[in-house]
Amino acid sequence: MEFNIFDYQFSKEQDLLLYYKGEFDDSTLLEITSFLKEQFRDLPRVSKKVFAVSVELVQNIAYYSAETNQFGTHKSKYGVGIMLVADLPDEVVLTSGNLIPKSDLQEIIKRCDQINKLQQDELRLLKKDIRNQPRREGHKGGNIGLVQVAIKSENPLKVEHKDVDNNMAFFTLSTHISKNQQGDE
Amino acid sequence: MEDIVIKNEQGAFFTPNVNFSASTGKCVLQGESYLEDSFEFYANLTRWIEQYLSTNKNGLEMDFKLTYFNTSSSRAILELLRKLKTWQAEGKQITVNWFYPDPDDDDLLMEAEDFMDDAKIKMNLISYKI
């Protein structure tokens with residue numbers, strides 16, 4: 001089943017488990033990911049997957065969103081964006097959204113397309129390959145986030161974007177996790 | 001030399017329980033690893049081990065009992081394992097044990113296999129019931 005964030009803005013979706021818009025600072029990050037893990041505690045494998053995917057999506061916004069809050073002269077180091085999680089009958093759909101420079105769009109879309117072409121064992125090799133490369137200086141993340149999202153969700157990454165102005169686009173990244181995981185029955 | 005004892009914290013991040021004993025050389029890392037600065041956290045542990053190995057003839061036993069780690073922790077853990085491998089090659093007595101839960105809902109055995117492959121280090125893989 002598809003979940004479209006743009007449609008959601010104009011509809012009343014009943015299956016929505018979480019909708020957050022704002023700054024993704026440390027405590028928000030923990031609140032969101034812990035809440036999601038707890039929601040699926042009766043399905044341990046789903047719960048672990050939802051947690052792992054949400055950590056990576058939320059950290060993406062925190063580290064890479066082009067939008068940050070500014071109070072007076074103080075500019076926050078944490079990104080602003082949205083996180084949305086729908087609990088559908090057979091799957092959990094996780095979507096993150098944030099502003100990015102339009103100049104970065106093609107690169108990120110290309111990376112997602114590459115990831116979507118790979119099987120699970122190939123993704124595992126790609127993750128190892130990225131992990132073996134020297135990490136970028138001053139880079140807090142592991143650069144492996146997108147691959148990890150694909151590995152844990154076992155489903156493709158879905159990317160959508162809309163231009164906001166000449167320089168910025170609103171970018172959403174979405175994936176789903178099946179609620180019928182082996183071992184959870 | 002002092003022990004390192006860090007209690008699991010769930011303030012803003014998940015810090016694993018750390019129990020590194022300078023008297024026994026037994027080092028346990030347990031729980032969830034999801035840190036603001038993974039590299040600094042693991043670099044501190046690595047420095048402690050290096051110091052321990054330089055002053056102790058007794059071996060070191062490292063237990064990983066992690067139930068979750070994010071991708072940046074994963075990179076930092078790999079760097080630690082590579083160091084352990086280097087010191088093993090220099091003749092230090094280092095045993096590495098990797099504990100994984102049964103059922104293994106988070107594919108922690110698979111993670112261990114990938115770490116062994118990447119760091120070229122041998123780990124004893126030990127399952128435990130949950």
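For clarity, every value in this text was computed on a predicted model and none was experimentally measured. A, B, ... follow the sequence lines: proteins, then strands. Residue 1 opens every chain.
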- Structural part of A/Glu31 lying under 4.5 Å from a heavy atom of chain B: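 Neither; nothing under 4.5 Å.
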- Query: chain B heavy atoms under 4.5 Å from A/Thr33: which part of the residue, side chain, backbone, both or neither?
  - Reply: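 Contact with chain B involves the side chain of A/Thr33 alone.
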- Message: Whether B/Glu111 and A/Arg124 form a salt bridge (side-chain N of Lys/Arg under 4.0 Å from carboxylate O of Asp/Glu) is what I want to check.
- Response: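 The answer is no: the pair does not qualify as a salt bridge.
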Working to the nearest 0.5 Å, report the span between [atom1] of [X] and [atom2] of [Y].
| X | Y | atom1 | atom2 | result |
| --- | --- | --- | --- | --- |
| B/Asp105 | A/Arg45 | CG | CZ | 6.0 Å |
| B/Met110 | A/Ile151 | CE | CD1 | 6.0 Å |
| A/Glu56 | B/Ser72 | CD | OG | 7.5 Å |
| B/Tyr34 | A/Phe51 | OH | CZ | 6.0 Å |

- Query: Any link between A/Tyr20 and A/Leu94 through a network of hydrophobic side chains (Ile, Leu, Val, Met, Phe, Trp, Tyr) touching at under 4.5 Å?
  - Reply: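 Yes; tracing contacts between hydrophobic side chains, which count when under 4.5 Å, links both residues.
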- Determine, using the 4.5 Å side-chain heavy-atom cutoff (strictly less than), whether B/Phe64 and B/Leu53 are members of one ILVMFWY cluster.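 Yes: a chain of side-chain contacts under 4.5 Å links B/Phe64 to B/Leu53.
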- Relative to chain A, which of B/Asp114, B/Asp106, B/Asp104 shows the most heavy atom pairs under 4.5 Å?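 The residue among B/Asp114, B/Asp106, B/Asp104 with the greatest pair count is B/Asp114.
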- Task: Take B/Asn70 and A/Gln148 through the test side-chain contact (heavy atoms from CB on, under 4.5 Å) and record every step on the way to the result.
- Result: CA-CA 9 Å; B/Asn70 67 343; A/Gln148 181 75 347; over 6 Å; no
- Query: Would a 4.5 Å heavy-atom cut-off, applied to side chains only, mark B/Leu78 and A/Lys128 as touching?
  - Reply: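 No; the side chains remain at least 4.5 Å from each other.
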- Query: Taking the six-membered ring of B/Tyr68 as reference, does the NZ or CZ atom of A/Lys49 fall below 6.0 Å from its centre and within a 45° cone about the axis?
  - Reply: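 No, A/Lys49 does not lie over the aromatic ring of B/Tyr68.
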